[in-house]
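We count ligands from 1, going down the list as the structure has it; atoms in each ligand are counted the same way. Residue indices begin at 1 and follow the sequence shown. Computation of the quantities below employed the complete heavy-atom set of this structure, encompassing side-chain atoms and omitting hydrogens, waters and symmetry-equivalent molecules. If you're wondering where the values come from, they're calculated on a predicted model, not measured in any experiment.
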Amino acid sequence: MKSRILPVMAFSFCLLYVNSRMAVSQNSPSGMKIWFNHPAVSWNDALPVGNGSLGAMIFGGVEKEHLELNESSVWTGEPRWDANPEALKSLPEVRKLLFRGKYKEAEELAQKSILGKKPQNPAATYQALGDIFLDFGPQINLNNYRRELDIENATASVSYTAGQVNYRREFFSSAPDHAMVIRLTADKTGSINFTIHLSRQGNKATTVVTGNEIDMSEHIGDGIGVKMFSRLKLIVDGGTTNSNGDSLSVQKANSVTIYLTAATDYFGGDPSIITKSRLDAVTTRSYSDIRRDHITDYQSFFKRVELDLGSGDGNYFTTDARITAMQNGYIDPDLIELYYQFGRYLLISSSRPGGLPANLQGIWADGLQPPWSADYHININIQMNYWLSEITNLDELQLPFIDFIDALRPDARRTAREVYGMKGIVAHYTTDPWHFTEPTGDIVYGMWPMGIAWSCQNIWDHYLFGGDKEYLRTKSYPIMKEASEFCIDWLVVNPRTGFLVSGPSISPENSFKIPGGGGNASMVMGPAMDHMIIRDLLQNTIQAGIILDVDKPFRMKMEKTLEKLSPIKIGSDGRILEWPEEFEEPEPGHRHMSHLYGLHPGNQITQHTPELLAAARKTIDYRLANGGGHTGWSRAWIINFFARLKDGEKAYENLLALLKKSTMNNLFDNHPPFQIDGNFGGTAGITEMLLQSHSGEVELLPALPSAWGKGHIYGLMARGGFQVDIDWENGKLTKTRIISKLGNPLKLTYSGQFIEMKNTDKGKEYLFGPDLKSLK
Ligand code: FUC
């Protein structure tokens with residue numbers, strides 16, 4: 001494989017290199033392409049495509065191509081009730097012990113009598129759908145190899161020259177046609193020869209070859225799980241096709257198009273029928289029509305936002321080279337643009353209305369037992385998955401998350417009633433497509449009843465950005481109301497302070513040293529984050545009730561509760577208190593920063609609460625000084641924190657750290673292992689640096705770093721239904737265009753300037769200059 005010599009202009013760029021093999025460039029800028037000059041060395045290096053539910057990781061092997069397939073509902077397990085029958089009667093005792101500071105005793109009792117046990121072996125888990133292997137046999141005189149993902153069109157390709165023939169493979173997963181599509185071409189007729197397999201790890205699937213079709217099915221999880229079915233069909237132009245056992249062989253073809261459809265019985269229906277009707281439909285259409293419709297569909301989401309941060313040489317090099325260069329200090333604004341849009345690409349490819357939400361790995365998981373079962377952790381991870389959806393103009397893509405939380409309600413109502421004897425709905429740190437909500441696992445992560453309450457912040461935002469009152473009435477408000485009902489029943493008076501506190505509960509996954517010795521504990525009466533989440537929830541539910549003009553008595557009850565809810569406290573060292581008392585911290589650089597929820601994604605700590613803002617600053621500086629931000633999602637959250645602290649330099653510094661320390665060569669976020677929340681949180685963080693609207697006004701360029709002297713971002717959304725375009729030069733606003741989608745009043749601020757428009761006209765655009773004076 002011969003590689004291109006480095007263009008002189010990028011010499012300085014290459015000085016940063018240790019590994020010349022990667023220093024391959026091209027004449028045109030990469031733009032919105034992630035590309036490599038070698039096949040994937042592992043799953044983490046492969047390239048993701050997806051249509052919201054059906055996806056693949058493409059490895060790009062020349063002699064042997066591998067696509068690891070995923071379908072978002074391929075889950076083992078089943079609906080179960082694993083609640084601890086002792087919980088209801090043990091709760092008061094646990095609370096008493098905690099109020100008396102008997103942390104160890106309280107945890108032993110709660111672990112034994114409140115937390116249930118989920119079957120661990122096997123645990124319900126998300127699994128890969130299967131694998132497509134294309135065996136092309138030995139290739140000679142290999143040259144010009146290129147593997148790329150074009151996130152402008154959501155298409156991937158592999159191209160190379162072998163034996164004087166130029167070969168090309170194109171891949172995409174079409175949402176309109178519910179099919180994965182692979183197109184093989186060559187610039188010499190009769191040159192395409194390969195054998196194709198469709199298989200599944202674990203060797204329990206049944207594969208049947210009929211004509212030019214391979215069908216694969218399995219009732220996964222040894223019958224405890226979904227029934228899955230997938231169909232692969234070849235449309236071959238020229239040459240011959242033969243079946244040999246469980247594979248098909250194609251000889252001397254001019255071109256081949258491969259279609260794959262897949263489904264499970266998770267949403268009901270017979271997957272063999274669903275896949276057949278989809279396959280029959282797509283194979284009657286021409287490849288060019290299918291490709292055109294796929295791109296049109298995808299771009300209807302992608303093209304809504306455009307980011308330009310200026311340009312550099314890095315744009316001409318392979319993506320892995322650029323990541324290495326950035327790790328060596330090279331500044332590559334185009335790579336940040338690519339990373340930004342990759343976050344949006346991943347959401348469009350892993351979350352579509354009517355489907356399951358993006359899980360811990362979106363839809364892309366390797367094998368039959370991915371980390372954390374690639375489930376739905378709702379103690380930061382899935383909420384973070386959707387932080388970018390509204391602000392980067394992809395609001396429809398949040399609907400699967402809201403539908404999912406809605407679907408938890410029957411179980412969540414039972415958990416509230418039977419585990420705690422309370423009204424409303426409750427869920428804990430994680431769940432899965434079987435919708436379990438009861439408290440399980442270990443205290444340090446399991447004894448936390450705020451999963452749904454937190455998710456309601458995303459749900460309320462969907463209304464604030466879109467203004468869809470009917471959706472609020474029929475979907476969002478009912479969820480928020482029931483979540484509020486639980487929180488009101490859950491809160492108890494702290495006999496020492498008289499305030500209402502939440503507990504037994506934890507500051508997610510963090511511990512403290514028990515005063516006076518006795519080791520570490522994590523469960524208390526009154527972790528700061530719970531109160532911030534509950535304050536948000538009740539305030540938002542009251543607002544929603546006012547907008548819908550419903551439930552006045554219940555609103556008053558919520559008001560009363562808010563008056564007595566334990567306030568945010570600042571400790572003697574000026575930091576926000578994470579727990580009710582100033583405990584020593586065994587892990588001061590802990591990845592979770594739950595007590596900063598009020599700064600982000602909440603809006604209780606803003607420029608309008610300067611004392612709390614200063615305390616939040618101290619809190620984040622302390623975390624970072626002790627090694628904080630060491631997981632991808634944790635670093636992504638820190639970018640959002642510094643954006644909300646209006647510190648563009650620190651936000652930028654942490655963005656570079658995210659790319660240098662927690663991003664793989666294919667731009668996947670690295671927890672480690674691969675975890676998608678960091679990608680989504682990173683894109684949300686960049687957006688928060690350029691536009692904010694959480695504290696009652698639309699704020700332009702709140703945290704613009706000096707590194708981004710000139711640029712623009714178009715098509716962002718702000719609460720109140722404002723679409724915002726921003727241009728800047730020399731680090732200063734030059735102009736902004738604001739379209740009022742809902743006709744709401746507009747409060748606009750930039751660099752200390754402020755204007756207010758008591759009325760805006762629905763659909764009308766408003767242009768403002770750097771002084772916020774109207775340009776019209
Ligand atoms: C929470 C986090 C971990 C990981 C897991 C999926 O438990 O604390 O870091 O992200 O979710």
task = Hey, can you tell me if F668 and F342 have their rings parallel, tilted or perpendicular (30° and 60° cut-offs)?
result =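 F668 and F342: tilted rings.
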
key: Quiz item: cation-pi between R80 and W434, 6.0 Å / 45°   =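 The answer is no; the distance or angle limit is not met.
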
task = Decide whether a cation-pi geometry holds between R95 and W490; the criteria are a distance under 6.0 Å from NZ or CZ to the six-membered ring centre and an angle within 45° of the ring axis.
result =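 Yes - R95 lies over the ring of W490, closer than 6.0 Å to its centre and within 45° of its axis.
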
Between the protein and ligand 1, which nitrogen or oxygen pairs come in under 3.5 Å, and how far apart is each?
{"residue": "ligand 1", "atom": "7 (O)", "partner": "E509", "partner atom": "OE1", "Å": "3.0"}
{"residue": "ligand 1", "atom": "7 (O)", "partner": "E509", "partner atom": "OE2", "Å": "2.5"}
{"residue": "ligand 1", "atom": "8 (O)", "partner": "E509", "partner atom": "OE1", "Å": "3.1"}
{"residue": "ligand 1", "atom": "8 (O)", "partner": "E509", "partner atom": "OE2", "Å": "3.4"}
{"residue": "ligand 1", "atom": "8 (O)", "partner": "R591", "partner atom": "NE", "Å": "2.9"}
{"residue": "ligand 1", "atom": "8 (O)", "partner": "R591", "partner atom": "NH2", "Å": "3.2"}
{"residue": "ligand 1", "atom": "8 (O)", "partner": "H592", "partner atom": "NE2", "Å": "2.6"}
{"residue": "ligand 1", "atom": "9 (O)", "partner": "R591", "partner atom": "NE", "Å": "2.9"}
{"residue": "ligand 1", "atom": "9 (O)", "partner": "W633", "partner atom": "NE1", "Å": "3.2"}
{"residue": "ligand 1", "atom": "9 (O)", "partner": "H671", "partner atom": "NE2", "Å": "2.6"}
{"residue": "ligand 1", "atom": "10 (O)", "partner": "N381", "partner atom": "ND2", "Å": "3.1"}
{"residue": "ligand 1", "atom": "10 (O)", "partner": "W633", "partner atom": "NE1", "Å": "3.1"}
{"residue": "ligand 1", "atom": "10 (O)", "partner": "H671", "partner atom": "NE2", "Å": "3.3"}
{"residue": "ligand 1", "atom": "10 (O)", "partner": "Q675", "partner atom": "NE2", "Å": "2.7"}
{"residue": "ligand 1", "atom": "11 (O)", "partner": "N381", "partner atom": "OD1", "Å": "3.2"}

inquiry  = Is the distance from the ring center of H428 to that of F436 below 6.0 Å?
reply    =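 No.
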
ask   = Sub-3.5 Å donor-acceptor pair from the side chain of E438 to the main-chain atoms of T415, do we have one?
value =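 Between the backbone of T415 and the side chain of E438 there is no qualifying donor-acceptor contact (under 3.5 Å).
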
request  = Check for a donor-acceptor pair, side chain of R623 on one end and backbone N or O of H592 on the other, with a separation under 3.5 Å.
outcome  =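 Indeed, once roles are kept as given, a pair shorter than 3.5 Å links the two residues.
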
